[in-house]
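Notes follow once the structure below has been shown.
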Amino acid sequence: MNKDYYDDSKPDFFKQVFQVAAQIPFGRVTSYGAIAKYLSAAKSSRMVGYAMNASHSLKSTIPAHRVVNRNGLLTGKNHFNTPTEMENKLKSEGVLIINDQIQDFENIFWDPKELDY
DNA sequence: AATGTGACATACC
DNA sequence: TGGTATGCCACAT
């Protein structure tokens with residue numbers, strides 16, 4: 001058969017991103033760069049966001065709203081169904097957001113490396 | 001095969 | 001203090 005969209009059965013770089021993103025604890029957030037580093041591809045931070053974009057086609061629910069840039073800014077909110085959905089979901093998880101900027105970002109920041117513990 | 005693209009990150013001016 | 005420029009690399013066309 002053809003590789004309909006993104007087959008999560010393949011060891012694509014995307015899949016790795018999805019795997020990590022899916023493990024982000026509730027009410028916590030992480031950055032693209034952190035995920036990239038965890039995948040030994042710190043220089044492919046852009047791909048992380050790119051992967052999130054592909055998550056639209058995924059059947060699995062990827063908490064892309066828990067992934068923000070290094071500044072804790074909701075740069076990708078624009079890619080959601082509605083620009084307000086991202087911060088809306090985060091707020092539902094107890095994340096305080098002001099002007100698309102996550103408050104206390106360092107406090108709720110979650111590093112994928114914690115998986116090793 | 002080659003070119004374009006991007007939900008980042010960093011450096012520089 | 002904030003915009004511009006460049007690197008970076010995997011995916012799309």
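Naming: A, B, ... by sequence-line order, numbering from 1 per chain.
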Item to check | Trace of the side-chain contact (heavy atoms from CB on, under 4.5 Å) decision for A/Leu90 with A/Leu74 | outcome: CA-CA 10 Å; A/Leu90 286 173; A/Leu74 280 59; 3.9 Å; yes

Checklist entry - Out of B/dA7, C/dC9, C/dC11, which has the shortest distance to the side chain of A/Tyr50? => result C/dC11

Item to check | Taking every non-hydrogen atom, the tightest pair across A/Phe13 and A/Ala41 | outcome: CE1-CB, 3.7 Å

Item to check | Spacing between A/Phe14 atom CZ and B/dA7 atom C1', to the nearest angstrom | outcome: 11 Å

Checklist entry - Counting only non-hydrogen atoms, which of residues 99-109 of chain A are less than 4.0 Å from DNA chain B? => result none

Checklist entry - Taking it one step at a time, do A/Arg66 and A/Phe26 satisfy side-chain contact (heavy atoms from CB on, under 4.5 Å)? => result CA-CA 9 Å; A/Arg66 294 181 188 156; A/Phe26 183 91; 3.4 Å; yes

Output a table of nitrogen or oxygen pairs between the protein and nucleotides 9-13 of chain B separated by less than 3.5 Å.
residue: B/dA9; atom: OP1; partner: A/Gly33; partner atom: N; Å: 3.3
residue: B/dA9; atom: OP1; partner: A/Arg70; partner atom: N; Å: 3.4
residue: B/dA9; atom: OP2; partner: A/Arg70; partner atom: N; Å: 2.6

Next on the checklist: Counting the atoms with a prime plus P, OP1 and OP2 as sugar-phosphate, which does A/His56 contact under 4.0 Å by heavy atoms, base, sugar-phosphate, or nothing?
Outcome noted: base

Next on the checklist: Taking any heavy-atom pair under 4.0 Å as a contact, classify A/Ala64: base, sugar-phosphate, or nothing.
Outcome noted: base

Checklist entry - Rounded to whole angstroms, how far apart are CG on A/Leu74 and P on B/dC8? => result 11 Å

Item to check | d(CG, A/Asn53; C1', C/dA10) in whole Å | outcome: 13 Å

Item to check | Nearest heavy-atom neighbours spanning A/Phe18 and A/Ile62 | outcome: CB-CD1, 4.0 Å

Next on the checklist: So A/Glu93 and A/Val29, do their side chains get closer than 4.5 Å, heavy atoms only?
Outcome noted: no

Checklist entry - Is a side-chain N or O of A/Thr30 found less than 3.5 angstrom from the main chain of A/Trp110, in a donor-acceptor match? => result yes

Next on the checklist: For A/Gly27 versus A/Ile108, what's the shortest heavy-atom pair and its separation?
Outcome noted: O-CB, 4.1 Å

Item to check | Residue pair A/His79 / A/His56: nearest heavy atoms and the distance that separates them | outcome: O-CE1, 3.1 Å

